[in-house]
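Below is one structure; the comments refer to it alone.
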Amino acid sequence: MKIHNQFKDEVTTAVRGALREMDAPDIAFVTEVPDNADLAVPCFTMSKELKMPPKNIAEKIAENIKPTGLITAVSAMNGYLNFTIDQKILITDTLNDIIESGDGYGSLPYNGKKINLEHTSTNPTGPIHVGRARNPVIGDTLARCLVRCGYEVTTEYYVNDVGKQVVILTWGVNNLPKESVVEEERDKTDHKLVAYYRLANKMMEEDPVVQEQISEMLRKFEAGDQNVISHVRETAEEMLEGLKETLEQINVTLDRYTWESDFIADGTARKVVEELKKSEYAGQTEDGSWYLDLKDFGIQGKNTKFTFTRADGTTLYTTRDLAYHLNKFKRCDIAIDVLGEDQKLGSKQLCSALEILGCDKKPEPMFYSFVALPEGKMSTRRGVVVYLDDLIDEAVDRAYEEIRKRRSDIPEDKMKDIARSVGIGAVRYNIIRVHPDKQFVFKWDEALNFDGNSGPYLQYVHARACSMLKKAGEYKHDTDASKLTDELEINLVKALSKFENITRLAGEEKRIHMLPAYGHEVSVAFNQFYANVPVLSAGDSRDARLTLVECTRTVLKNILTCLGMESPEEM
RNA sequence: GGGCUCAUGGUAUAGCUUGGAUAGCAUAGGGGCUUCCGGAGCCCUAGACCCGGGUUCGAAUCCCGGUGAGCUCACCA
């Protein structure tokens, strides 16, 4: 990557020099990376000032530039200046860099900044369903990218163990006999408990006595009844164990779990209320509830009020979330929240309230749209869901079938391991490859896509490379560019050289969907090389080509790791 | 009703922030490739920027207005 920056510098300097010759030293221009050159400068913007057609400008500048350093050729075409990089230096440099850096290739140096990345944080009222499954996958992938960008990252799950939903669940668990709920097949706490949640909801709607019991429980909870609070906490903890198991299945583990009820217990939510009341934006309704009027903070709509206490003075979710964020900022430089699109307004209100509280930091939200079923929105309460656990199982099963179709030489347990890697890889890849803003409808065939632009395609290339290296046995690293002259080899090296830039885009700019696209680009380049260039029987070029294969393997493994996918050596 | 987001071949998706040279990729369709390192592969072919204005030498990209979809506007979490 360094070489690309250097190349860009040299091109900029050369163009600037040529323009000086043309008596236009201050004219502005940009560089871009096109398909048909290594770097290009469009000359259209200079047209007015130089009073010349872009085509002539490009030709004139090209005449004034002599290839030096990394620039081996300049040409003018259709009003563009096209520059060609010294391929020999690019090849040798890139391959040496990959060999030296290994796992660290494509990473940026440690920058000492602490990032707290909150993701998943689903309500502990039922198993994770695919409607929300983007959250852990996006969060975990972004965390991995940020680590590679040099940050110190802590991932965190905010557990909502306060409020009506968890109270309903707890009432169900404490009052409903085991025989009365419809048993879920799966032996996991989240699947077992959700049955109580559903029945409790149904009974609450139909039976006023139940409704009163739940209301009573909620009142006790609000009043600080330790017995009720700890029951709820225990239930939430039990549910969370099931959620953690699911997350582990898709290679997601979080560093820290923070409980919402802690901000009531330690009094910080109360403190936030007291601070907000002092604000000039604060007001109180006739009933006694407190709010902030955020109309001066760009909040639109028929109601610009942001309520932060109930009439009885108790705190709301949003108040506790404020306390939580203040707490977070004590522990990090940058806070990132991965949130569903339904949180957009809430997140904006949170930021405004933080500003009012005099907090100079704001969380950076990253939103994703929900995944719906063809028949509509998913709902845990109504039982209209596809669970993430079921998606994982189905993916692993399909991967197993594929492996069994083509391999008879692998022992059963190893086949199972590979199937797991491939199935989960397919699921994660298919979630990350689309832009988070894009809403999508869940379809089994698309979620389980195994060929073309898919996770297994990348893993397949990795496995192919591994297989070759294994067959090759001993060889010496050879980065002599004169032995790698095939167009397909050069194309592959160029793809490998872009990794650092992609890491930066994926992390710093949170464009994590660049990662699968890049992995696919590298894989295509490798498959084309593989299909047309012999390696093991290559004579003089054998070592150099094996080195290229090894470097591709290294880069692919790094991409896969960044995507939270395994890199099986065979499949 | 207000706000935010999305709209690209049959299907799915990239490019939009920072406007530029033939709009990329995948899948389904049609045709081809296995003497040789793994055919979950490779090659060829056909097919798309929601509609209408505007800005510009130049618009998928920026602006305005439509249309359609999602989310949102709680003393819920």
Side-chain angles (χ1 to χ4, degrees), chain A residues 30 32 34-37 40 42-45 47-48 53-54 77-80 82 121 123 125 160 162-166 260 285 287-291 298-314 316-318 320-321 340-346 348 367 369-370 372 377 399 402-403 405-407 422 430 433-441 443 445-446 449-454 456-457 459-461 463-472 509 511 513-514 516-517 520-521 523-524 526-538 545-546 549 570-571:
Chain A
V30 293
E32 56 187 47
D35 301 333
N36 48 2
C43 301
F44 305 90
T45 48
S47 184
K48 238 178 208 164
M77 194 195 246
N78 305 330
Y80 286 86
N82 288 333
S121 305
N123 274 346
T125 50
N160 307 122
V162 179
K164 194 167 184 182
Q165 301 311 314
V166 275
E260 186 180 350
T285 63
D287 300 339
S289 69
W290 284 84
Y291 61 84
I299 305 290
Q300 311 280 343
K302 51 188 166 190
N303 185 8
T304 55
K305 288 188 173 61
F306 169 73
T307 305
F308 63 91
T309 75
R310 293 196 182 86
D312 64 6
T314 54
L316 293 165
Y317 171 81
T318 42
R320 295 173 309 253
D321 205 17
E341 60 177 339
D342 56 336
Q343 305 291 316
K344 277 186 181 176
L345 177 63
K348 211 169 165 187
F367 297 109
S369 297
F370 291 121
K377 214 175 159 181
E402 294 296 321
I403 296 162
K405 259 195 270 177
R406 45 203 116 203
R407 301 296 294 266
V422 172
N430 282 320
R433 61 178 258 265
V434 329
H435 195 289
D437 275 344
K438 221 84 145 184
Q439 42 187 289
F440 70 79
V441 175
K443 290 179 191 126
D445 283 345
E446 284 164 22
N449 178 27
F450 277 23
D451 33 39
N453 188 355
S454 74
Y457 183 90
Q459 289 170 321
Y460 181 64
V461 166
R464 270 183 152 179
C466 287
S467 165
M468 267 172 128
L469 294 168
K470 209 186 233 169
K471 282 214 170 82
E509 297 187 27
R511 291 162 73 179
H513 67 289
M514 303 280 297
H520 186 250
E521 184 188 333
S523 301
V524 168
F526 181 84
N527 273 333
Q528 289 171 337
F529 158 77
Y530 182 91
N532 294 289
V533 183
V535 176
L536 298 179
S537 58
R545 287 181 180 166
L546 278 166
V549 172
E570 52 182 328
M571 61 187 271

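Sequence lines set the chain letters: A, B, ... in the order given, protein chains first and strands last, and positions in each chain run from 1.
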**Asked** Between A:Tyr460 and A:Asn449, which is nearer to the 5' end of RNA chain B once each is assigned its nearest nucleotide?
**Response** A:Asn449
**Message:** Any donor-acceptor pair, under 3.5 Å, between the side chain of A:Asp342 and the base of B:A77, if you only look at N and O atoms?
**Reply:** no
**Prompt:** Quick one: is B:C16 close enough that its OP1 or OP2 comes under 4.0 Å of any side-chain N or O from A:Arg511?
**Reply:** yes
**Message:** I want to check one thing: is the phosphate of B:C42, taken as OP1 and OP2, less than 4.0 Å away from some side-chain N or O of A:Tyr530?
**Reply:** no
**Asked** Is A:Asn527 near enough to B:C42 that one of its side-chain N or O atoms lies under 4.0 angstrom from OP1 or OP2?
**Response** yes
**Request:** For B:C75, take OP1 and OP2 only and decide whether either is under 4.0 Å from a side-chain N or O of A:Thr307.
**Result:** yes
**Message:** Counting only side-chain nitrogens and oxygens, does A:Arg407 get under 4.0 Å of the OP1 or OP2 atom of B:G38?
**Reply:** no
**Message:** With a 4.5 Å cut-off on side-chain heavy atoms, are A:Val434 and A:Phe440 touching?
**Reply:** yes
**Asked** Think A:Arg310 has a side-chain N or O under 4.0 angstrom from the OP1 or OP2 of B:A77?
**Response** yes
**Request:** Measure the distance from CZ on A:Phe306 to P on B:A74 and round it to the nearest whole Å.
**Result:** 12 Å
**Prompt:** At under 4.0 Å, does any side-chain N or O of A:Gln528 touch on OP1 or OP2 of B:C43?
**Reply:** yes
**Item:** Short side-chain N/O contact from A:His513 to OP1 or OP2 of B:G15, under 4.0 Å
**Value:** yes
**Request:** Measure from the side chain of A:Glu260, starting at C-beta and using heavy atoms only, and say which of B:G15, B:A77, B:A26 lies closest.
**Result:** B:A77
**Asked** Taking OP1 and OP2 of B:G38, is either one under 4.0 Å from a side-chain nitrogen or oxygen of A:Arg406?
**Response** no
**Item:** Per A:Val535 side chain, nearest of listed nucleotides B:G38, B:A40, B:C37
**Value:** B:C37
**Asked** Does one side chain, of A:Asp312 or A:Thr314, offer a donor that lies under 3.5 Å from an acceptor on the other?
**Response** yes
**Item:** Residue mapping more 5' on RNA chain B - nearest nucleotide basis, A:Gly288 or A:Ala37
**Value:** A:Ala37
**Item:** Protein-nucleotide distance (A:Tyr291, atom OH; B:C73, atom P), rounded to Å
**Value:** 19 Å
**Phosphate contact (B:C57 OP1 or OP2) by A:Ser47 side-chain N/O below 4.0 Å** = no
**Request:** Output, in order, the C-alpha distance, side-chain angles, deciding distance and verdict of side-chain hydrogen bond (donor to acceptor under 3.5 Å, both in side chains) for A:Asn527 and A:Tyr457.
**Result:** CA-CA 10 Å; A:Asn527 273 333; A:Tyr457 183 90; 3.1 Å; yes
**Prompt:** A:Lys438 NZ to B:C71 P: how many Å, rounded?
**Reply:** 17 Å
**Prompt:** Hey, is the side chain of A:Ser369 pairing donor to acceptor with the base of B:G70 inside 3.5 Å?
**Reply:** no
**Message:** Under 3.5 Å, is there any donor-acceptor pair linking the side chain of A:Asn303 to the base of B:C73?
**Reply:** no
